[in-house]
Amino acid sequence: QVQLVESGGGLVQAGGSLRLSCAASGRTVSRYAEGWFRQAPGKEREFVAAISRSGGNTDYADSVKGRFTISKDNAKNTVYLQMNSLKPEDTAGYFCALAVLYSDYVPRGEKEYHFWGQGTQVTVSS
């Protein structure tokens, strides 16, 4: 089993930035993609960003394109989400997830991911 721990969440004013980290521990493998999802109170969990196992391909939700950047460091078993120009509507719990894959593609669906973290809260004030 793989355990994921998110960090870097907090309170920030609109227009500010945060960098989230997701560290994997336990039994890890190299052939995996990583994704970030978020869930606000009263709303369903939604896709935010993902990166292929090689790191060569990324995908973003339309709502965060141009503002968020996902990256990874396989040597450190860590995935990052750099969030710039934050808006109040970005307020949510952010969750990282790992997908064990045999192909180098960017998964968007929740069910494509095998391991999930417990989340870190991001609050953007106006």
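Both backbone and side-chain heavy atoms feed into the values below; hydrogens, waters and symmetry mates do not. Here, residue 1 is the first one in the sequence, and each next residue gets the next number.
Separation of atoms CD (E34) and CG (L101) is listed at 9.5 Å; rounding is to 0.5 Å. Taken to the nearest 0.5 Å, the OG atom of S126 stands 9.5 Å off from the CD atom of Q13. Remark: D90 CG to T123 OG1 distance equals 11.0 Å, nearest 0.5 Å.
With contacts defined as side-chain heavy-atom distances shorter than 4.5 Å, the pair S17/Q82 qualifies. The closest side-chain heavy-atom distance from I51 to Y80 is not below 4.5 Å. Put simply, the side chain of Y60 does not reach to within 4.5 Å of the side chain of V48, judged on heavy atoms. For the pair L4/L98, a side-chain contact is recorded, criterion being any heavy-atom separation below 4.5 Å from C-beta on. With contacts defined as side-chain heavy-atom distances shorter than 4.5 Å, the pair W36/C22 qualifies.
A salt bridge links K65 to D62: one of the charged nitrogens lies within less than 4.0 Å of a carboxylate oxygen.
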For F47 and V64, what are the C-alpha separation, side-chain angles and deciding distance, and is it a side chain to side chain contact (heavy atoms under 4.5 Å, CB included)?
CA-CA 10 Å; F47 170 80; V64 306; over 6 Å; no

Run the side chain to side chain contact (heavy atoms under 4.5 Å, CB included) check on I70 and V79 step by step: do they pass?
CA-CA 7 Å; I70 187 171; V79 186; 4.0 Å; yes

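Between the side chain of Q39 and the main chain of A92, no donor-acceptor pair closer than 3.5 Å is present. Of the possible polar contacts, one joining the H114 side chain to the V100 backbone as a donor-acceptor pair under 3.5 Å is found. Checking side-chain atoms of R53 against main-chain N and O of A33 turns up no donor-acceptor pair under 3.5 Å.
Minimum heavy-atom separation, L20 to G9: CD2-N, 3.5 Å. Nearest approach of A40 to T91, heavy atoms of both residues: CB-O, 3.6 Å. For the pair D104 and S54, the tightest heavy-atom approach, listed with the atom from each and the gap, is OD2-OG, 2.5 Å. For the pair M83 and V122, the tightest heavy-atom approach, listed with the atom from each and the gap, is CE-CG2, 3.8 Å. The two residues V2 and A24 make their nearest non-hydrogen contact at CG1-CB, 4.1 Å. What you find for A49 and L81 is that their closest heavy atoms are CB-CD1, 4.1 Å.
The number of heavy atoms from other shown groups lying within 6.0 Å of CD (Q118) does not exceed 12. Dense packing is recorded around CD of E89, with more than 12 heavy atoms of other residues, nucleotides or ligands lying under 6.0 Å away. Atom CD of Q3 is surrounded by 12 or fewer heavy atoms from other residues, nucleotides or ligands within 6.0 Å.
D73 and T78 form no side-chain donor-acceptor contact under 3.5 Å, judged by distance and modelled atom types alone.
Annotation: cation-pi pair R38/F95 absent, no NZ/CZ under 6.0 Å from the ring centroid and within 45° of its normal. Cation-pi geometry between R45 and W116 is met: the NZ or CZ atom falls under 6.0 Å from the ring centre, inside 45° of the normal.
In this structure, F37 has its ring center closer than 6.0 angstrom to the ring center of Y113.
Residue pairs meeting the salt bridge (Lys or Arg N to Asp or Glu O under 4.0 Å) criterion with at least one partner in residues 107-126, sequence neighbours excluded, are D59-R108.
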